[in-house]
Amino acid sequence: MQERPTPPLFTQVDISAGTLSSTPVPERSDPEQTRLLRDLVAAQDRQNELLEELVSQVTTAVNQFGTAQRQRAQELTQWKEANPSLARDCRQAAEALCRVQTEFLNTLTAEVHANADALADGEFMLTEFVDRFGPRLAHLNGVLQVLAQLGSAGGQPSGSAGS
């Protein structure tokens with residue numbers, strides 16, 4: 001069996017000073033070229049200033065959002081500490097309502113599967129479907145979200161966990 005030559009794993013790169021370019025460098029710069037380069041530098045400085053301002057504004061917005069989130073979490077924790085029984089009831093209600101939502105979604109998807117062609121082709125059927133399921137689903141999601149947030153275990157007051 002004859003072995004084939006393999007290419008080398010490493011190659012050499014010459015990083016020594018290269019030869020001078022064959023293009024002659026003008027000894028005197030063109031005033032128009034100098035003005036254009038200055039304009040370019042000024043424009044780039046302005047662009048850098050705008051980018052710094054943008055970064056500052058984004059950082060401020062992120063910090064404000066974080067502060068608002070922390071304040072909201074703190075308020076939620078205080079509410080749970082003030083109302084431990086209600087927080088627990090909210091969690092239980094959210095769990096029960098989650099089962100209701102699952103059943104509602106099963107009904108909704110069965111309706112879609114059964115009438116997919118009619119929903120796609122008929123404006124009336126689609127409107128009826130949305131009228132029938134849309135508001136209820138939206139309100140159910142809203143109520144479920146509020147209950148889940150108020151009854152979430154993450155912000156439970158200390159000492160009431162597992163009760």
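On a predicted model such as this, the values are computed, not experimentally measured, just so you know. Heavy atoms only: backbone and side chains are in, while hydrogens, waters and symmetry mates are out.
Interatomic distance, CG of Leu108 versus CD of Gln101, reported as 10.5 Å (0.5 Å rounding). Between atom CG of residue Leu97 and atom CD of residue Gln145 there is a gap of 12.5 Å, rounded to the nearest 0.5 Å. With rounding to the nearest 0.5 Å, the separation of CZ in Arg136 from CG in Asp131 is 11.5 Å. Separation of atoms CG (Asp89) and CG (Leu150) is listed at 11.5 Å; rounding is to 0.5 Å. Remark: Leu119 CG to Phe124 CZ distance equals 11.5 Å, nearest 0.5 Å. Separating the CZ atom in Arg46 from the CG atom in Leu51 is a distance of 10.5 Å, to the nearest 0.5 Å.
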message = Using the rule given for side-chain contact (heavy atoms from CB on, under 4.5 Å), can you reason through Leu105 versus Leu137, listing the C-alpha separation, both sets of side-chain angles and the distance that settles it, and then say yes or no?
response = CA-CA 8 Å; Leu105 289 173; Leu137 182 62; 3.9 Å; yes

- Task: Tell me, with the steps shown, if Phe129 and Asn115 meet side-chain contact (heavy atoms from CB on, under 4.5 Å).
- Result: CA-CA 10 Å; Phe129 175 80; Asn115 300 308; over 6 Å; no

query = Could you walk me through whether Asn106 and Glu103 pass the side-chain contact (heavy atoms from CB on, under 4.5 Å) check?
reply = CA-CA 5 Å; Asn106 281 331; Glu103 189 59 38; 4.1 Å; yes

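Residues Phe133 and Val100 are members of one and the same hydrophobic cluster, defined by side-chain heavy-atom contacts under 4.5 angstrom among Ile, Leu, Val, Met, Phe, Trp and Tyr. With hydrophobic clusters built from ILVMFWY side chains whose heavy atoms lie under 4.5 angstrom apart, Val62 shares a cluster with Leu54. Under the 4.5 Å side-chain contact rule for hydrophobic residues, Val112 and Leu140 share a cluster.
Here the closest heavy-atom approach between residue Asn63 and residue Arg70 is recorded as O-NH2, 4.4 Å.
Environment of CZ in Arg38: sparse, with no more than 12 heavy atoms of neighbouring residues, nucleotides or ligands closer than 6.0 Å. For CD of Glu128, the number of neighbouring non-hydrogen atoms (other residues, nucleotides, ligands) closer than 6.0 Å is greater than 12.
In terms of modelled atom types and a separation under 3.5 Å, the side chain of Lys80 and the main chain of Ser85 share no donor-acceptor contact.
The shortest distance between side-chain heavy atoms of Glu111 and Thr107 does not fall below 4.5 Å. Looking at Gln149 and Arg72, their side chains come closer than 4.5 Å, going by heavy atoms from C-beta outward.
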